[in-house]
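Note that the structure is predicted; figures quoted are calculated from it, not measured.
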Amino acid sequence: GRFSQKRKKFFSLFISSPADAGASAKKQRLLQKSLKGPAFLPRNLQESLYFLHTSHRIEGKKKGAVLAARQTAAGGGESPGTAHRHAFSQKRRRAQFGDLGGHPEKCRQDKAGGKYKTAVKCILDSLETAGGMARLEEIVRGGQMPCSLLRVAPGARTHLFYALTRMGQTVFVVSATDYDAKQQFDRCYYGNKVYLPSAHVELRLVEAKSGEAAAERVAALAQLREKGRLVFLSMDALLYKMRAPEPFYEKFLTLRPEMVIPPQKLMETLIGLGYERTALVETPGFCSGRGEILEVYPPDAPHPYRITFFDDEIETIRFFDEDSQRSFGDSLSDITIPPAGEICLSEEEKQELCGYLKRTSGEKREEAGARMAYDLRENGSFPNIEAYTGVFQKTWNILDYAGESLVVFQEYHRLAADQEKREEARASRFSEVMEQEDAFGCEIACRLSPEEFLDAFAERALDVPGLSEEK
């Protein structure tokens, strides 16, 4: 019942008076003194889904919890550490969850056979009838944000996040690092999931850089054109300062058979979108042309496309294998090609960035600035351009790319503290780089702080504290 100064600050950001009928009057009075805004304590959600996840392990691979559930159902004992997970009696489980809730072995067989429908329907039905879901939907649709969701078991979170997307919202689920976000993405089996890696930002001058991370980000941004996506990302990806979404999406190129466009003009268009011309297309971001055949590998495509022409008319569009270089499959009815990179600058923005690169001192920086400014004017980009978005006075965020959206922090206070430590480590390394005149100075300013993000997007923020955080 006692809160430290740190906890008071955290609660004042995300929770207010608790609306849960199960909370004691003393606890309500205590929280009301230090909290403001709407509150949400989905106790029924935690109780109903915690058993499903820990007993049946629908989205996990370990079998220990299944075995424990089977022993419990057969009357066997269980360790004190797991006793709280099986609070319901077997009769109550069957009444609430049907046959699936009473028979862990059936759920295990369904999973082994790849039949998730029964289990998923059971989970989602439980979500719809959970005590806090109606209140949560009212808060989201009424714009009564930010707020916090207490006592949501870890096993129930992914299903809760998916339920939020069914309201027509794109939901951004924030983890500490790219690794954590990718792990959660891999464990999620809902079809609307998207993984957004953080921008690969070098803190020093570079002449070349791999485009793998940039290609992954473009592929993810291309999927955000559809509503109701479940996006997993890190704090670095959330706080990254981006450019406006409109120029990026306006450059998407749609091609279809019987479309009239000269091959040379199409090649020039692809180069203008940031694709690099090469003799052999093997990786995303490259294109090639020879005679009446043009090949391009968009970042969001499973394989590169081979486009054949009859004079100036597109005849066929087929996939081809990047290893054997052989075409396969039928001709596609249409394709959409995104830009090769996410940074799409207007002429005014190019001039602004070029001006910044020229206003530098030091022989090494002057030489690098002249080279980068030339590449920017000729090609519209240069290696490590992602590190220079902090130059511009007005910036955008990943939430601006998704329209109606929510951002869900998994223990915001912990995420913010970890992010602060990472930024301190970067600042320490960057000071050494600046002493060597190996950077311009703006590379460290390409991300917002967590506080700056909340100031701008507090009305879209939810927090899901861990069970240990609530003690």
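Y305 has its ring centre less than 6.0 Å from the ring centre of F319. Annotation: Y374 is not in aromatic contact with F382 [ring centroid separation under 6.0 Å not met]. Remark: aromatic rings of Y356 and Y388 are distant, center separation not under 6.0 Å.
Checked by atom type and distance alone, the side chain of T165 never pairs as donor or acceptor with a backbone atom of V171 at under 3.5 Å. Under the 3.5 Å distance criterion, the side-chain polar atoms of R365 are matched with a main-chain donor or acceptor of A439. Between the D463 side chain and the Y412 main chain, a donor and an acceptor come within less than 3.5 Å of each other. Using a distance-only test at 3.5 Å, with no hydrogens or angles considered, a donor-acceptor pair links the side chain of Y240 to the main chain of E386. In this structure a side-chain-to-backbone donor-acceptor pair under 3.5 Å is missing from T254 to T336. D236 places no side-chain N or O within 3.5 Å of a backbone atom of T177 that could act as its donor or acceptor partner. Under a 3.5 Å cut-off, the side chain of R306 and the backbone N or O of Q325 do form a donor-acceptor pair. Put simply, the side chain of D321 never gets that close to the backbone of F328: no donor and acceptor are under 3.5 Å apart. A donor-acceptor pair is defined here as one N or O able to donate and one able to accept, closer than 3.5 Å; such a pair exists between the side chain of D400 and the backbone of N397. At distances below 3.5 Å, not a single donor-acceptor pair connects side-chain atoms of K251 with backbone N or O atoms of P339.
Put simply, the side chain of L266 does not reach to within 4.5 Å of the side chain of V296, judged on heavy atoms. Taking 4.5 Å as the limit, some side-chain heavy atom of L376 sits within range of a side-chain heavy atom of C354. No side-chain heavy atom of V408 sits less than 4.5 Å from a side-chain heavy atom of L149. Considering only heavy atoms from C-beta on, E216 comes within 4.5 Å of Y195 through its side chain. When side chains are defined from C-beta on, R447 does not count as touching R422, because their heavy atoms never get closer than 4.5 Å. Looking at heavy atoms from C-beta onward, T170 lies out of side-chain contact with E226 at the 4.5 angstrom threshold. Using a 4.5 Å heavy-atom threshold, the side chains of I398 and L224 count as touching. Looking at heavy atoms from C-beta onward, L406 lies in side-chain contact with M145 at the 4.5 angstrom threshold.
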Exercise. E347 and K350: salt bridge (Lys or Arg N to Asp or Glu O under 4.0 Å), yes or no, with the steps?
Worked result: CA-CA 5 Å; E347 291 301 322; K350 291 179 183 178; 3.7 Å; yes

For this session: Would you sort out whether M235 and F409 count as a side-chain contact (heavy atoms from CB on, under 4.5 Å), showing the intermediate values?
Result: CA-CA 9 Å; M235 284 291 283; F409 294 98; 4.0 Å; yes

For this session: Assess whether side-chain contact (heavy atoms from CB on, under 4.5 Å) is satisfied between F286 and E322, documenting all intermediate values.
Result: CA-CA 12 Å; F286 288 85; E322 51 268 41; over 6 Å; no

For this session: Take D300 and V218 through the test side-chain contact (heavy atoms from CB on, under 4.5 Å) and record every step on the way to the result.
Result: CA-CA 7 Å; D300 63 337; V218 170; 5.9 Å; no

Exercise. What's the verdict on side-chain contact (heavy atoms from CB on, under 4.5 Å) for L238 and L399, showing C-alpha distance, side-chain angles and the deciding distance?
Worked result: CA-CA 8 Å; L238 178 72; L399 270 63; 3.8 Å; yes

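Other residues, nucleotides and ligands place no more than 12 heavy atoms under 6.0 Å from the CG atom of D330. Surrounding CD of Q183 are more than 12 heavy atoms belonging to other residues, nucleotides or ligands, all under 6.0 Å away. Counting heavy atoms of neighbouring residues, nucleotides and ligands inside a 6.0 Å radius, atom CD of E367 does not exceed 12 of them.
When each of Q144, E138, E137 is checked for a side-chain hydrogen bond (donor to acceptor under 3.5 Å, both in side chains) with R141, only E137 meets the rule.
The pair E342-R217 meets the salt-bridge criterion, since a charged nitrogen lies less than 4.0 angstrom from a carboxylate oxygen. Taking a cutoff of 4.0 Å between a charged side-chain nitrogen and a carboxylate oxygen, K421 and E424 do not qualify as a salt bridge. Between D186 and K182, at least one side-chain N (NZ, or NE/NH1/NH2) sits under 4.0 Å from a carboxylate O, which counts as a salt bridge. Under a 4.0 Å N-O distance rule, the pair E443/R204 does not qualify as a salt bridge.
Atom CD1 of I385 sits about 6.0 Å away from atom CD1 of I343, to the nearest 0.5 Å. Taking CD of E452 as the reference point, atom CG of D455 lies at 7.5 Å (rounded to 0.5 Å). Interatomic distance, R277 CZ to I271 CD1, rounded to the nearest 0.5 Å: 6.0 Å. With rounding to the nearest 0.5 Å, the separation of CG in L294 from CG in L255 is 9.0 Å. Here the straight-line distance linking atom SG of C442 with atom CG of L357 works out to 7.5 Å at 0.5 Å rounding. One finds the CD atom of E212 at 9.5 Å from the OG1 atom of T283 (value rounded to the nearest 0.5 Å).
Closest approach of W396 to A244, counting heavy atoms only: CE3-N, 3.4 Å. Residues A176 and S234 come closest through the heavy atom pair O-CB, 4.0 Å. Considering all non-hydrogen atoms of both residues, S331 and P257 come closest at OG-CG, 4.0 Å. F232 approaches A181 most closely through the heavy-atom pair CB-O, 3.7 Å. Contact between A387 and V201 at its shortest, heavy atoms only, is CB-CG1, 3.5 Å. Across all their heavy atoms, F453 and L239 have their closest contact at CB-CD2, 3.6 Å.
Between F252 and F248, the angle of the ring planes goes over 60°, which puts this pair in the perpendicular group of the 30/60° scheme.
Annotation: side chain to side chain donor-acceptor pair (under 3.5 Å) contacts of T308 (sequence neighbours excluded): T316.
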